[in-house]
**Q** 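Okay, handing you the structure first.
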Protein chains: 2
Amino acid sequence: MENKLSHTEENYLKAIFKITERAEKVASTNKIAEQVQTSAASVTDMLKKLNDKSLINYEKYKGATLTPDGIRLATQLVRKHRLWEVFLYDKLKFPWEQIHDIAEELEHINSDDLINRLDNFLGNPRFDPHGDPIPTSEGKFMLRNQSTLDSVPIHSKVILVGVSHHSSEFLTYLNSINVKLGTKFKITGKNSYDNSLTVESNGTQLLITHEVSKNLLVKPG
Amino acid sequence: MENKLSHTEENYLKAIFKITERAEKVASTNKIAEQVQTSAASVTDMLKKLNDKSLINYEKYKGATLTPDGIRLATQLVRKHRLWEVFLYDKLKFPWEQIHDIAEELEHINSDDLINRLDNFLGNPRFDPHGDPIPTSEGKFMLRNQSTLDSVPIHSKVILVGVSHHSSEFLTYLNSINVKLGTKFKITGKNSYDNSLTVESNGTQLLITHEVSKNLLVKPG
DNA sequence: TAGTTTTTTTAGATGTATCTAAAAAGCTGA
DNA sequence: TCAGCTTTTTAGATACATCTAAAAAAACTA
Ligand SMILES: [Mn+2]
Ligand SMILES: [Mn+2]
Ligand SMILES: [Mn+2]
Ligand SMILES: [Mn+2]
């Protein structure tokens, strides 16, 4: 029935999943190219191939969406990625800014038994170290009520529950201003010129640029 | 200085390492082809490439040996393979016949930090679940005094300390006759016709074929 | 609507890893 | 020593993943 996919094919599926997960209805060639860091021409080739394998729906000039099979595979990849991140963080004590890149490789190891044992070994965690929900082996997500910090009203009190980028640079910056999951913020000011915020956190005032605030996921608290 | 190697290149290095580790002085094209399960023609191509990268010494029709750089890389691969096997066995409770194939993939994950943290997390084990010694991060092996079961004299008492094949079939067979690391044997008979042995183990008599006995590593005890 | 710009696809190459078939080299035993 | 067998290499394909440049389609916008 189903042939094994190459790492590359898997990374494309995950990219399309990420893009269509939130706003976008279809994943455009250019968006995918940016996500997997390759040329648009390469993406077109791969979209044809994944379409032939019935993992995506793709028509020339109309972008791609995942089929049910594609969704299932992409969700399993996300599950593996996030469980490995928990392993690296909880068990091997890696800092949160170093785990994403290693998990990007570990997620391609192919064994359902392995990942289910790992899940169990880790105590069936429901969120990864960046606050993202971990799909169950049936592919179920636990969605959480969250907003981005740039969208909450002035004077609100919120708690950081996630970050939408996992890059080492971004997370290292958050470390430097002493911001981590669970950190509480009170919005003390909004600058409409550049959409930056002033917030109170751990008893100190911080300036948060829009570039940063739109990647911080918070809930009321 | 040093470019990253592909999984394939790494598997060839490990194959040459294994072949030249014991008896053979050089690894022949055919031996390597058998080890990595490919054609002799493909091996010739790869030997040229690894020679160009100064990881092996190779001359047409004369087989290959590892250079110091090649030895270093192959030893690190063996270290990674065996440490992952310990993880799968000790932490995830996989049976010993299922760990080799998964470790074959995990060994290619590229991070010194990862493998040193894993080593530490596992309590710096010195042997893997098949009884093979685990190289240190400096590439040092702890060699052990061992012989193959087919070479010990009649009436000897020995303990199983290792197995030289990690295939699921072989290890499942050992499970079926209740043989594991630490099992004690007393050689009660030798059949010179087919080199099979009769041994006493756990209070029962077992017939061990030569094919099996030459893959059982024992020490006196 | 008719440029103009942006996005996407096609065409044509390159590099890696593989294969089979055929040629060449090496080994061996009468 | 040389004929025949074995081993290894070469030659020529294929498949995959990638690229750049050019062409085509779609989307803006004046
Ligand atoms: Mn991640
Ligand atoms: Mn990946
Ligand atoms: Mn093994
Ligand atoms: Mn391997």
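In what follows, every chain begins at residue 1, and chains take the letters A, B, ... in the order their sequences are listed.
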**Q** Taking salt bridge (charged side-chain N to carboxylate O under 4.0 Å, His left out) as the definition, give me every residue that meets it alongside B:Asp119, ordered by chain and number, with sequence neighbours left out.
**A**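 For B:Asp119, the residues satisfying salt bridge (charged side-chain N to carboxylate O under 4.0 Å, His left out) (neighbours in sequence not counted) are B:Arg79.
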**Q** Starting from P on C:dT9, measure out to CE on A:Met46 and report it in whole angstrom.
**A**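 About 14 Å, once rounded to whole Å.
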**Q** With a 4.0 Å limit, can you tell me whether B:Tyr58 has a side-chain N or O closer than that to the phosphate oxygens OP1/OP2 of D:dT9?
**A** yes
**Q** Give me, pair by pair, the N or O atoms of the protein and of nucleotides 22-26 of chain D that are less than 3.5 Å apart, along with how far apart they are.
**A**
| from | atom 1 | to | atom 2 | distance (Å) |
| --- | --- | --- | --- | --- |
| D:dA25 | O4' | A:Tyr61 | OH | 3.3 |

**Q** Checking B:Lys214 now: which residues fulfil salt bridge (charged side-chain N to carboxylate O under 4.0 Å, His left out) with it, not counting sequence neighbours?
**A** B:Glu211
**Q** Given D:dT9, C:dC19, D:dC19, which nucleotide is nearest the side-chain atoms of A:Thr38?
**A** D:dC19
**Q** Which pairs pass salt bridge (Lys or Arg N to Asp or Glu O under 4.0 Å) with one or both residues in residues 81-96 of chain A, sequence neighbours excluded?
**A** A:Arg82-A:Asp128
**Q** Could you pull out every donor-acceptor pair under 3.5 Å between side chains of residues 168-175 of chain A and any protein atom, sequence neighbours left out?
**A**
| from | atom 1 | to | atom 2 | distance (Å) |
| --- | --- | --- | --- | --- |
| A:Thr172 | OG1 | A:Ser168 | O | 2.7 |
| A:Asn175 | OD1 | A:Trp96 | NE1 | 3.0 |
| A:Asn175 | ND2 | A:Glu97 | OE1 | 3.1 |

**Q** If I take atom CG in residue A:Asp45 and atom P in nucleotide D:dC16, what distance separates them, rounded to the nearest angstrom?
**A**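 Rounded to the whole Å, the gap is 11 Å.
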**Q** Only counting residues at least two apart or in another chain, list the ones meeting ring-ring contact (aromatic ring centres under 6.0 Å, His included) with A:His81.
**A**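 Testing A:His81 for ring-ring contact (aromatic ring centres under 6.0 Å, His included), a comparison that skips the adjacent residues, returns A:His100.
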**Q** Rounded to the Å, how far apart are B:Glu59 CD and D:dT9 C1'?
**A**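 B:Glu59 atom CD is separated from D:dT9 atom C1' by 15 Å.
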**Q** Hey, which sits more toward the 5' end of DNA chain D by its nearest nucleotide, A:Ala40 or B:Ser42?
**A** B:Ser42
**Q** Can you list everything that forms a salt bridge (charged side-chain N to carboxylate O under 4.0 Å, His left out) with B:Asp45? Sequence neighbours excluded, please.
**A**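 For B:Asp45, no residue satisfies salt bridge (charged side-chain N to carboxylate O under 4.0 Å, His left out) once neighbours in sequence are set aside.
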**Q** Just to be sure I understand the geometry, which residues of residues 28-37 of chain A put a non-hydrogen atom under 4.0 Å away from DNA chain D?
**A** none
**Q** Residues of residues 6-21 of chain B with any non-hydrogen atom less than 4.0 angstrom from an atom of DNA chain D: list those, numerically ordered, please.
**A** none
**Q** When you check the side-chain N and O atoms of A:Asn30 and A:Ser28, is any donor under 3.5 Å from an acceptor?
**A**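 No.
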**Q** OP1, OP2 of D:dT9 versus side-chain N and O of B:Lys48: anything below 4.0 Å?
**A** no
**Q** With a 3.5 Å cut-off and no angle check, do the side chains of B:His166 and B:His130 form a donor-acceptor pair?
**A**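 B:His166 vs B:His130: donor-acceptor pair found between side chains.
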**Q** Nearest whole Å is fine: how far is C:dT7 P from A:Glu24 CD?
**A**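 Rounded to the whole Å, the gap is 13 Å.
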**Q** For B:Asn195, what residues pass the side chain to side chain contact (heavy atoms under 4.5 Å, CB included) criterion, not counting sequence neighbours?
**A**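 Here the qualifying residues are B:His210.
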**Q** Does anything in residues 15-69 of chain B form a ring pair (Phe, Tyr, Trp, His ring centres under 6.0 Å)? List the pairs, not counting sequence neighbours.
**A**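 Non-adjacent pairs meeting ring pair (Phe, Tyr, Trp, His ring centres under 6.0 Å): zero.
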**Q** Quick one: list whatever passes salt bridge (charged side-chain N to carboxylate O under 4.0 Å, His left out) with A:Arg126, sequence neighbours left out.
**A** none
